[in-house]
A.B. asks: 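Let me begin by handing over the structure; questions about it come next.
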Amino acid sequence: MISRIFNVAALAGDGIGPEVMREGIKVLRAVEQKFPVRFNLTEAPVGWAGMDAAGKALPDTTLALCKKSDAILFGSVGLPDRDPTVPKDERPERAALLRLRREFELFANLRPVRLWTELAHTCPLIRERQGAGIDLLVVRELTGGLYFGKPKTTEQLGPHQRRAIDTMVYTTAEIERIAHIAFRAAGGRSKSSGKSKGKVTSIDKANVLENGILWREVVTDIGSKYPDVELEHMLVDNAAMQLMLKPAQFDVLLCENMFGDILSDEAAALAGSLGMLPSASLGVAGGDRVFGLYEPAGGTAPDIAGRDIANPIAQILSAALMLQHSFGLNEAHDAIVSAVGKAIAAGYRTGDIFSPLDRSSRKVGTREMGDAIAAAL
Ligand code: NAD
């Protein structure tokens, strides 16, 4: 059987990055055993590892590798206690991650949040609020809005008075392209879950902001092109409350940059551990391929690094998102998600999702969790 070949830049980064990346790669190798695909995985340094190897958080050779790859599988970067003399703009969070987002115009950030039934105890909400289960996707616009709009400045008005200005700017085109991502994702989710219709809840502040009014109009317009997806609009303050009261009502949440930043972290808390949550940052589609950067929602977790206790599931599910969004390998994506489900059902738990009250579960390390998921595949 002829295999399709995909080139992947694997950038593990700092802290727990290398430990969880190893498990992500292990699972991709297991995918190769099951499906007619091959992954040309090339590892390269980034973050403090890049500083140590080449004096830069994003070494030129690493960037060059990314440019000739089909996707980037990313660990995480940044160690708050490393060398405080390195200026902000040269530190990994900005010099590596923000640089990559800019370089590849990664405008769409996707964060699926799922609470597995067996892990209901990790959710801070009482069971009644968890409803029929939490399984939602936050689609956040990543390169516009308040974080990037100009003017962006602080002015001196007088000896004791300063004024800070941030500007919220969106164009119709920017809203359209992120809306398309959300509606397509909702359509795909309803197909794979067997639901009759997907749903997009578009978040705005149309009662106060000009941006909110434009956002609502443009999203409504794009929504009319997707008759199989239901569209509702919700004000951001109400959405923050509804996530805590009745999270099961949500399917896809479509948000501008800052609202998405805040709501995606709120939604993440529902899944109990950052170690469970993957993310995808997608660029503009070229033909049938979308270039993307795939990484766990959490950071480098310096408090647990190097001890074989980090949860590798976020990294493994990030690899699954890469197969789905950049390579169109939906079956392989579903196979990884189902293998994660099997490992959880079989009782495998890293420390962050372990409860001593659950007698049917067993605490395992990073490697053993990766082994269990690869074996389940
Ligand atoms: P963090 O996400 O690294 O850790 C927060 C808490 O979650 C810690 O208690 C940690 O142990 C836990 N945690 C995170 N991932 C886990 C996993 N896979 N398994 C088990 N527990 C896990 O956030 P932080 O401590 O605020 O940041 C540490 C560093 O990471 C900082 O330098 C920060 O800038 C950086 N960071 C990087 C990224 C990125 O690369 N995308 C994202 C967030 C933070």
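As the structure lists them, so they are numbered: ligands from 1, and atoms in each ligand from 1.
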A.B. asks: If the criterion is any heavy atom closer than 4.0 Å to an atom of ligand 1, which residues make the list?
C.D. replies: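 Under the 4.0 Å cut-off, ligand 1 touches Ile16, Ser76, Val77, Gly78, Leu79, Pro80, Glu93, Leu97, Leu274, Gly275, Glu295, Gly298, Gly299, Thr300, Ala301, Pro302, Asp303, Ile304, Ala310, Asn311, Asp352.
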A.B. asks: For the salt bridge (charged side-chain N to carboxylate O under 4.0 Å, His left out) test, which of Lys199, Arg114, Arg189 pairs with Asp251?
C.D. replies: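 The single option meeting the salt bridge (charged side-chain N to carboxylate O under 4.0 Å, His left out) with Asp251 is Arg189.
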A.B. asks: Taking only residues two or more places apart in sequence, or in another chain, which ones meet Asp89 in a side-chain hydrogen bond (donor to acceptor under 3.5 Å, both in side chains)?
C.D. replies: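 Arg94.
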A.B. asks: Quick check: are there more than 12 heavy atoms from other residues, nucleotides or ligands sitting under 6.0 Å from NZ of Lys68?
C.D. replies: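 It does not: Lys68 NZ has 12 such atoms or fewer within range.
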A.B. asks: Side chain to side chain donor-acceptor pair (under 3.5 Å): which pairs involve residues 259-275, sequence neighbours left out?
C.D. replies: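 Sorted result for residues 259-275: Arg111-Asp265, Tyr147-Asp261, Ser273-Asp352.
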A.B. asks: List, one per line, each side-chain donor-acceptor pair under 3.5 Å for residues 292-300, sequence neighbours excluded.
C.D. replies:
unit_1: Tyr294; atom_1: OH; unit_2: Ser326; atom_2: N; d: 3.4
unit_1: Tyr294; atom_1: OH; unit_2: Ser326; atom_2: OG; d: 2.7
unit_1: Thr300; atom_1: OG1; unit_2: Gly78; atom_2: O; d: 2.7

A.B. asks: Dump the intermediate steps for ring pair (Phe, Tyr, Trp, His ring centres under 6.0 Å) on His333 and Phe327, then the final yes or no.
C.D. replies: CA-CA 10 Å; His333 162 272; Phe327 306 158; over 10 Å; no
